[in-house]
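What follows is a short report on a single structure.
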There are 2 protein chains.
Amino acid sequence: MPQDDIPPSPIADLCRDKGLKLTDQRRVIAHVLSESDDHPDVEELYRRALAIDPRISIATVYRTVRLFEEKGILLRRDFGGNRARYEKTDHGNHYHLIDAKTGSVIEFEDEVLEVMLRQIAQRMGFDLVTTRLELFGRKLK
Amino acid sequence: MPQDDIPPSPIADLCRDKGLKLTDQRRVIAHVLSESDDHPDVEELYRRALAIDPRISIATVYRTVRLFEEKGILLRRDFGGNRARYEKTDHGNHYHLIDAKTGSVIEFEDEVLEVMLRQIAQRMGFDLVTTRLELFGRKLK
DNA sequence: TTAGATGCAAATATTTTGCACGGAA
DNA sequence: TTCCGTGCAAAATATTTGCATCTAA
């Protein structure tokens, strides 16, 4: 019983581009991810996916995020908690500033920084693929 | 039966400074950490500690790294594997370049970068406490 | 003496996997 | 039709915890 009220999503398009088989489950997960601008963990993704279509198991969510990460569709993040959290790659190149007190996450971009990081990698003989940058700070009064 | 051939170590000193009770186990773990310039996970720390003194359990290693992390003696790292890895805080401010193919980790420092990061945090109203930066790159031919 | 640390094993938490079945291409 | 994906439950991994005992201060 296919779920046909799942709208097309940018991430589902990416799946097609990469030659992945588009099952209903992947369509749902892709949709959920496309709608998410935060950093959900697998449990949370599972919850959001279930709300759309109950015919999905957590094993599939685990398999799918792993697949998507390999394909470069998702980035795995570690914000200090114990579980992995994910975000879209197409979300743009950005970094995180984390309030050391509250744990709240602020995203930011910085082109100058980006260029500098690329140069640093270059200088060490590497072509920069991905960056993971988290600044932990205390709020100024 | 205390183990008295464990030499004093910088990290053991830190423990004393922070008012932590210095048990034989902590002394051994502190020593192991002081000697380590890599990024061992708990399993590896346990192995190294066991080689020095067999009277230690993995539960204690878990408890100790958690305590040391809270006290700012250790930093927890995530290099993409499934387990947490640790390094000394007093190791100096540095960043990581990870070979996307082999997973090998290269450490580097960069004062200009450091200043820039501090400014970025400042600009967003934060006083920079800690930075976590990992560059994933592909080796240039 | 006493609050806190440890070992052990059991409990949790997180993630992966074997297998039979189902569905996309 | 033919792989490949999925659900389920069991297994594997990783980490935490209850409790009796021990020990640094």
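Labels below follow one simple rule: chain letters A, B, ... track the order of the sequence lines, proteins then strands, and each chain is numbered from 1.
Distance check, rounded to the nearest 0.5 Å: CD of B:Glu134 to CD1 of B:Ile98 gives 4.5 Å.
One can place CZ of B:Arg55 at 11 Å from P of C:dC8, the figure rounded to the nearest angstrom. As a whole-Å value, the separation of A:Leu67 CG from D:dT6 P is 9 Å. If you measure from atom CG of A:Asp24 to atom C1' of D:dG7, you get 14 Å, rounded to the nearest angstrom. The distance between atom OH of A:Tyr46 and atom P of C:dT14, rounded to the nearest whole Å, is 15 Å. In this entry the distance linking CG of B:Asp41 with C1' of D:dT13 reads 12 Å, nearest Å. In this structure, B:Leu20 places its CG atom 10 Å from P of C:dT6, rounding to the nearest Å. For the pair A:Ile56 CD1 and C:dG22 C1', the interatomic distance rounds to 15 Å; values are reported in whole Å. Atoms CG (A:Asp53) and P (C:dG23) sit 12 Å apart, rounded to a whole Å.
The side chain of A:Thr60 sits closest to D:dT6 out of C:dA5, D:dT6, C:dG7. Between C:dA5, D:dT6, C:dG7, one nucleotide has an atom nearer to the side chain of B:Arg26 than all others, and that is C:dA5.
Between A:His39 and A:His94, the ring planes lie tilted relative to each other; the angle falls in the 30° to 60° range.
The main-chain N or O of B:Lys21 is found under 3.5 Å from a side-chain atom of B:Arg26 such that the two form a donor-acceptor pair. The backbone N or O of B:Val32 lies less than 3.5 Å from a partner atom in the side chain of B:Ser36, making a donor-acceptor pair. For the pair B:Lys18 (side chain) and B:Asp13 (backbone), a donor-acceptor distance under 3.5 Å is absent. Remark: side-chain polar atoms of B:Ser34 are paired, donor with acceptor, to backbone N or O of B:Ile11 under 3.5 angstrom.
Within the 4.5 Å cutoff, the side chain of A:Arg76 has no heavy atoms near those of the A:Arg85 side chain. For the pair A:Ile106 and B:Phe126, the minimum side-chain heavy-atom distance is below 4.5 Å.
At the phosphate of D:dG7, OP1 or OP2 sits under 4.0 Å from a side-chain N or O atom of A:Gln25. The shortest distance between the side-chain N/O atoms of B:Thr23 and the OP1/OP2 oxygens of C:dT6 is below 4.0 Å.
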Between the protein and nucleotides 1-3 of chain D, which nitrogen or oxygen pairs are less than 3.5 angstrom apart?
none

Identify all pairs in which a protein N or O lies below 3.5 Å from an N or O of nucleotides 15-21 of chain C, and state each distance.
{"from": "C:dT15", "atom 1": "OP2", "to": "A:Tyr62", "atom 2": "OH", "distance (Å)": "2.7"}

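Contacts of B:Thr131 classified as side-chain contact (heavy atoms from CB on, under 4.5 Å), with partners at least two apart in sequence or in another chain: A:Leu133, A:Leu135, B:Tyr95, B:Leu117, B:Leu128, B:Leu133.
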